[in-house]
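Naming: A, B, ... by sequence-line order, numbering from 1 per chain.
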Protein chains: 2
Amino acid sequence: MKRYSVGSDIPMPTVSRMAAYLGCLASLEQQRVTAVSSRELAQMAGVTPEQVRQDLALFGRFGKRGSGYDVGRLREEVEGIFRVDGKRWVCCMVGAGSLGTALLSSRMNQRWGFRYAAAFDSDAHKIGTRIGHVPVYHINDAKAVIRRERVEIGVIAVPASSAQTVAGLLCDAGVQGIVNFAPVNIKVSQKTPVIPVDISQEFLKLAFCIQRARRREQEERLQIEAASGAD
Amino acid sequence: MKRYSVGSDIPMPTVSRMAAYLGCLASLEQQRVTAVSSRELAQMAGVTPEQVRQDLALFGRFGKRGSGYDVGRLREEVEGIFRVDGKRWVCCMVGAGSLGTALLSSRMNQRWGFRYAAAFDSDAHKIGTRIGHVPVYHINDAKAVIRRERVEIGVIAVPASSAQTVAGLLCDAGVQGIVNFAPVNIKVSQKTPVIPVDISQEFLKLAFCIQRARRREQEERLQIEAASGAD
């Protein structure tokens with residue numbers, strides 16, 4: 001049954017949508033919904049039913065068409081794409097400022113098996129404290145702690161000006177992937193995947209969409225006026 | 001010169017890339033770099049030079065090919081796509097928990113003209129306080145405050161279980177767009193754009209990429225072994 005292949009060249013937009021489906025399936029499960037059609041799942045995720053079927057087909061055969069998918073089983077299968085055999089991911093946070101602290105305090109990632117083993121900062125007041133159970137170490141100890149705790153994922157929540165230095169440090173210490181919240185593009189070896197999360201860009205996108213919606217409304221109003229004028 | 005049209009149907013991936021270019025251009029400007037080629041900009045943003053030229057062409061003619069772009073002018077032009085005539089966007093935050101507080105304290109959005117006029121929560125201890133200059137009101141006062149302050153953008157940073165209720169409230173109060181940090185899909189009128197930001201999905205994507213990178217490395221190792229075995 002598990003016919004999906006992590007090695008195959010799945011495009012990132014597909015991977016993003018699979019992550020979105022996983023979120024939808026998990027919330028259906030919480031609501032004790034047991035079956036879902038591709039149409040319902042598509043509506044929840046904001047895509048077309050064809051897109052859902054196409055995406056799932058890329059990873060193998062999930063459930064039956066027509067009778068819908070078994071929510072629990074599909075959630076398990078899709079989750080397996082992201083963490084094979086229920087793998088748990090060990091993370092570290094670099095930067096214990098407001099964003100780093102918020103991410104450390106949030107339990108959102110625990111659901112999918114992400115666990116913070118350490119946080120790093122250079123502020124002497126923070127070293128030795130804990131943020132939501134996670135111990136804060138001095139950034140100079142990062143390499144030793146990352147190796148000792150077998151950290152696989154480094155999360156960067158430092159100002160843009162130090163993000164590249166931190167990225168180099170994380171790679172040297174042996175992390176296998178990076179989530180970068182600093183609003184700057186970082187360069188690392190091609191072998192180390194980096195996921196940039198620039199929150200301000202999401203606000204810019206919204207600004208664009210609002211202006212487009214306003215423009216459309218204006219155009220529609222003009223058309224209606226023109227049409228009534230022609231009567 | 002300003003030939004781009006907000007009303008035209010620009011696909012969201014293009015809009016996302018334009019936001020990324022804007023981030024790159026702003027950091028070049030901070031570094032006092034005055035000219036940039038499409039190749040350099042492409043490298044910074046992690047896309048191909050053809051993609052950069054194609055994207056910019058969609059919005060009009062920016063700078064000259066060959067001699068490169070004037071960084072300051074291109075930044076201004078691209079910024080104009082997102083906030084026409086230097087518009088400032090008035091925002092409100094719903095949910096003054098750790099993520100809401102981190103977003104309110106951060107200055108990242110101020111650069112692009114986003115300003116928080118109010119925050120809302122239901123925790124009596126928080127009402128009447130300020131988070132980084134932004135006053136916290138009771139959620140029951142949201143409608144009145146949003147109208148009074150002419151809030152255009154609502155930011156949702158509440159648990160998934162209350163996100164839909166909050167979205168309804170924001171739309172009723174007249175916000176024109178929503179950035180949703182709650183890990184759940186919210187439904188509002190088609191006229192109101194919603195940008196979902198599910199941070200845990202970014203971690204899932206990274207997990208996928210790490211597993212893919214490991215698989216590839218393994219495959220390469222097997223190929224090398226097979227080749228040396230054939231010698």
Side-chain angles (χ1 to χ4, degrees), chain A residues 6-7 10 12-13 15-16 19-20 22-24 27 44-46 81-84 87 89 98-99 101-103 105-106 108-109 111-112 114 152-153 160 176-179 183-185 191-193 195 197-217 219, chain B residues 6-7 10 12-13 15-16 19-20 22-24 27 44-46 81-84 87 89 98-99 101-103 105-106 108-109 111-112 114 152-153 160 176-179 183-185 191-193 195 197-217 219:
Chain A
V6 173
I10 306 288
M12 272 317 277
V15 178
S16 298
L22 182 52
C24 297
S27 62
M44 281 187 83
I81 293 167
F82 294 100
R83 49 189 204 119
V84 174
K87 166 156 185 47
W89 296 93
S98 58
L99 182 63
T101 300
L103 293 167
S105 319
S106 137
M108 62 181 169
N109 286 335
R111 186 165 70 171
W112 306 123
F114 297 90
E152 297 163 294
I153 291 176
Q176 290 171 37
I178 291 173
V179 180
V184 65
N185 197 49
K191 278 193 292 186
T192 309
I195 303 285
V197 188
D198 187 339
I199 293 171
S200 64
Q201 286 183 16
E202 306 300 326
F203 281 80
L204 287 172
K205 279 192 249 174
L206 181 65
F208 182 89
C209 292
I210 292 176
Q211 288 174 144
R212 182 165 61 183
R214 284 184 190 166
R215 174 78 65 105
R216 276 187 191 152
E217 221 172 281
E219 281 168 1
Chain B
V6 174
I10 307 288
M12 273 315 277
V15 178
S16 297
L22 181 52
C24 297
S27 61
M44 280 186 83
I81 292 168
F82 294 99
R83 48 190 207 119
V84 175
K87 162 152 187 52
W89 296 94
S98 57
L99 182 62
T101 301
L103 294 166
S105 318
S106 138
M108 62 181 170
N109 286 336
R111 185 165 71 174
W112 306 124
F114 297 90
E152 297 163 295
I153 291 176
Q176 289 170 38
I178 291 174
V179 180
V184 66
N185 198 49
K191 276 193 292 187
T192 311
I195 302 284
V197 188
D198 187 340
I199 292 171
S200 65
Q201 287 183 15
E202 306 301 325
F203 281 79
L204 287 173
K205 278 192 250 174
L206 181 65
F208 182 89
C209 293
I210 292 177
Q211 288 174 144
R212 182 164 60 183
R214 283 185 191 166
R215 174 78 65 107
R216 276 186 191 152
E217 223 171 279
E219 281 168 359

**Item:** Heavy-atom side-chain proximity of Gln201(A) to Ser16(B) below 4.5 angstrom
**Value:** no
Could you tell me which non-hydrogen atom of [X] sits nearest to which non-hydrogen atom of [Y], and how far apart they are?
| X | Y | answer |
| --- | --- | --- |
| Gly177(A) | Leu206(B) | C-CD2, 3.7 Å |
| Phe82(B) | Leu204(A) | CD2-O, 3.1 Å |
| Arg83(B) | Gln211(A) | CA-OE1, 3.7 Å |

**Message:** So which residue, Val184(B), Thr192(B), Ile178(B), Leu103(B), ends up with the most heavy-atom pairs under 4.5 Å with chain A?
**Reply:** Ile178(B)
**Message:** Taking every non-hydrogen pair under 4.5 Å, which of Ala160(B), Cys24(B), Pro193(B), Pro13(B) racks up the most with chain A?
**Reply:** Pro193(B)
**Prompt:** Which bit of Val179(A) is near chain B, if near means a heavy-atom gap under 4.5 Å: side chain, backbone, both or neither?
**Reply:** both
**Item:** Atom group of Phe114(A) that falls short of 4.5 Å from chain B, counting heavy atoms
**Value:** side chain
**Request:** Identify, with sequence neighbours excluded, every residue that meets salt bridge (charged side-chain N to carboxylate O under 4.0 Å, His left out) alongside Glu152(B).
**Result:** Arg214(A), Lys87(B)
**Complete:** Answer key: most heavy-atom pairs under 4.5 Å with chain B among Val197(A), Asn185(A), Ile210(A) is Ile210(A)
**Item:** side-chain contact (heavy atoms from CB on, under 4.5 Å) against Ser105(A), all qualifying residues, sequence neighbours excluded
**Value:** Thr101(A), Ile131(A), Ser98(B)
**Asked** What distance do Ile199(A) atom CD1 and Ile195(B) atom CD1 have between them, rounded to the nearest 0.5 Å?
**Response** 13.5 Å
